[in-house]
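Below is one structure, written out as structure tokens, with a few remarks after it.
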Amino acid sequence: MLSKFPYLRQDFLASIVVFLVAVPLCVGVAVASGVPAELGLVTGIVGGLVTGLMRGSSLQVSGPAAGLTVLVFEAVSEFGVATLGVIVLMAGLLQLAMGFFKIGRWFRAISVSVVEGMLCGIGLVIIAGQIYAAAGLKAPQTGIGKIAGLPAAFADAVGSTEALTSLAIGAGTVAVIVLWKKMPKAVRSVPGALAAVVLATLSTLVFSLPVATVHVEGLLGVIQPPGAEAFGELASPAIWGTIVAFALIASAESLFSAAAVDRLHDGPRTEYDKEMIAQGAGNTLCGLLGALPMTAVIVRSSANVNAGAKTKASRVLHGVWLLIFAAAMPWALALIPTPALAGILVHAGFKLIPFQQITALWRAHKGEALILVVTAVSIVVINMFEGVLIGLALAVAKTAWEASHLKTEVIDKGAGPIQVYLSGNATFLRLPKILDSLENLPQDRPIELNLSRLHHLDHACRTALGNWAERHSAPDIDPVKITANT
């Protein structure tokens with residue numbers, strides 16, 4: 001047995017660690033997304049048993065992710081829980097198509113600033129929204145509304161004993177997770193998030209605290225495959241924007257996570273197109289079950305690697321443990337205080353905000369830092385999909401501007417022709433600047449325009465330079481002489 005599976009012990013122990021990390025996160029993401037808690041576990045199970053068995057990234061673990069919480073909540077609010085399955089199903093099929101057409105590797109070309117900005121914006125919305133949940137208050141629908149309404153929310157909480165108690169449980173959960181890293185190594189073998197939830201649950205039970213707990217419907221009760229009415233929503237153009245957003249953002253998060261996980265171990269490298277197919281297969285099944293969308297999750301994946309996992313067996317086994325837990329111990333979910341789950345998501349939201357990267361970018365590449373900030377603010381002010389599109393548009397515009405870098409050098413020795421050298425990339429974006437420089441040259445002197453140093457000269461610039469050369473010189477002066485690339 002051990003000869004066939006030489007890493008069985010390491011993978012078994014790692015699967016237990018990943019399972020313990022996954023339980024509170026699966027439940028917390030589901031509750032924050034506005035769906036039954038069990039649906040988060042269903043997605044975690046599919047991530048282990050289906051995606052976990054497929055090729056792609058051997059040590060990466062998939063399941064419901066905090067990064068999609070905002071998008072899922074918006075989709076559920078707009079289209080309803082019954083239609084969520086159709087959205088996830090179609091997003092999964094789109095991922096499968098992208099994988100089969102080998103588009104997965106191209107996700108590595110997405111601007112890192114846009115991705116970091118996306119995570120930052122998501123983190124801010126999660127933090128703001130979960131503060132309301134921790135206090136047992138109803139959160140505003142929009143991201144900017146959540147942030148703007150925080151002062152009033154705190155004022156309401158101060159006047160309510162129940163709200164203050166609930167907020168204390170949430171704050172205590174965050175404190176335990178943060179301080180858990182300072183505990184002795186033997187104690188840290190229990191994941192901080194799990195320890196925080198257990199302590200919050202025990203405190204609530206022992207002191208009979210008046211806080212809300214997770215609503216439980218049972219595993220089979222929440223699995224509802226989408227019906228004909230839900231599929232009928234596909235006739236609405238609005239839903240397709242959400243489907244595309246699910247597919248693109250889940251894919252980007254998964255493949256960026258894969259790149260990060262590859263840096264943590266020396267095992268086989270990620271096959272990006274196969275990983276895209278694995279994610280697509282998982283989301284297709286999640287959609288058929290009416291569950292949450294999945295992505296690869298860096299928290300669970302890094303826990304898997306750090307726990308000593310060697311093969312994909314660890315992530316498959318973690319799915320088995322989730323299935324056993326969901327089937328045999330649903331009563332345990334009903335004991336968990338919802339403010340404790342909100343605390344876990346607040347901490348996860350802070351982890352999404354790249355504080356160090358923002359500082360480093362601002363020092364070295366202010367343009368990239370600006371893209372990051374604009375993307376994050378757009379997500380908060382508008383919504384996630386449009387925010388990412390704005391970030392991508394800015395990144396493309398910045399690249400185009402930099403690609404059209406041009407230097408104009410004028411050499412005038414006082415006698416003879418004036419020599420003008422253009423170097424770099426002459427595109428229509430720089431045409432106004434080029435023409436301004438050339439039109440300021442005297443018309444009563446011969447001009448020699450040298451284009452041999454240009455790397456690129458587009459059609460718009462070539463035509464404009466030709467027109468300028470024809471009309472610039474005075475009638476009794478030699479026409480402009482243009483030296484082009486050889």
Side-chain angles (χ1 to χ4, degrees), residues 25 28-29 32-34 64-78 91 107 110-134 139-150 153 241-257 260 292-293 295-299 342 344-362 365-398:
L25 288 174
V29 168
S33 300
L68 284 178
T69 302
V70 175
L71 193 58
V72 175
F73 185 84
E74 289 176 355
V76 171
S77 300
E78 184 174 355
F107 276 83
I110 295 176
S111 167
V112 175
S113 297
V114 175
V115 175
E116 297 285 7
M118 178 186 77
L119 296 177
C120 182
I122 293 168
L124 290 171
V125 176
I126 288 175
I127 292 167
Q130 293 308 303
I131 289 175
Y132 290 89
Q141 292 289 327
T142 63
I144 192 68
K146 290 179 174 69
I147 294 175
L150 285 176
T242 302
I243 290 170
V244 171
F246 269 56
L248 295 182
I249 292 172
S251 299
E253 191 168 337
S254 294
L255 298 182
F256 274 96
S257 172
L292 289 171
T295 73
V297 188
I298 190 62
V299 174
I344 290 175
L345 267 295
V346 166
H347 181 261
F350 271 110
K351 298 282 283 184
L352 290 175
I353 300 175
F355 293 104
Q356 293 182 345
Q357 288 88 330
I358 294 173
T359 304
L361 274 178
W362 184 254
H365 306 284
K366 287 183 171 57
E368 293 293 328
L370 182 63
I371 292 172
L372 189 157
V373 172
V374 170
T375 303
V377 171
S378 299
I379 288 173
V380 172
V381 174
I382 308 172
N383 62 41
M384 188 167 168
F385 187 42
E386 278 82 354
V388 172
L389 289 180
I390 289 170
L392 287 173
L394 272 179
V396 171
K398 176 179 176 292

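Worth saying up front: this structure is predicted, and the values here are computed from it rather than measured. Counting begins at 1 with the first residue of the sequence.
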Q | Nearest atoms (heavy-atom pairs only) where S113 meets L361 | A | OG-CD1, 4.0 Å
Q) Looking at CG of N383 and CG of L389, how far apart are the two atoms once the value is rounded to the nearest 0.5 Å? A) 9.0 Å
**Q.** Residue pair M118 / I122, side-chain heavy-atom distance below 4.5 Å
**A.** yes
Q) Would a 4.5 Å heavy-atom cut-off, applied to side chains only, mark V388 and I379 as touching? A) yes
(Q) Are F350 and I127 packed together at the side-chain level, in the sense that at least one heavy-atom pair is separated by less than 4.5 angstrom? (A) yes
Q | Heavy-atom closest pair, residues A342 and A133 | A | CB-CB, 4.0 Å
(Q) With a 3.5 Å distance limit and no angle check, can you tell me whether S378 reaches the backbone of G387 through a side-chain donor-acceptor pair? (A) no
Q | Nearest heavy-atom neighbours spanning V380 and I147 | A | CG1-CD1, 3.5 Å
**Q.** With sequence neighbours excluded, residues passing side-chain hydrogen bond (donor to acceptor under 3.5 Å, both in side chains) with T69
**A.** none
Q. Would you say V72 and V29 make side-chain contact, with heavy atoms under 4.5 Å?
A. no
Q. Where is the tightest heavy-atom contact between I371 and G391, given as atom of each residue plus distance?
A. CG2-O, 3.9 Å
Q | Residues which pass side-chain hydrogen bond (donor to acceptor under 3.5 Å, both in side chains) with E253, listed by chain and number, not counting sequence neighbours | A | none
Q: Please name the pair of heavy atoms, one in I126 and one in A66, separated by the smallest distance, quoted to 0.1 Å.
A: CD1-O, 3.1 Å
**Q.** Any side-chain heavy-atom pair of I131 and L150 under 4.5 Å
**A.** yes
Q | Distance-minimising heavy-atom pair for Y132 and K146 | A | OH-O, 2.7 Å
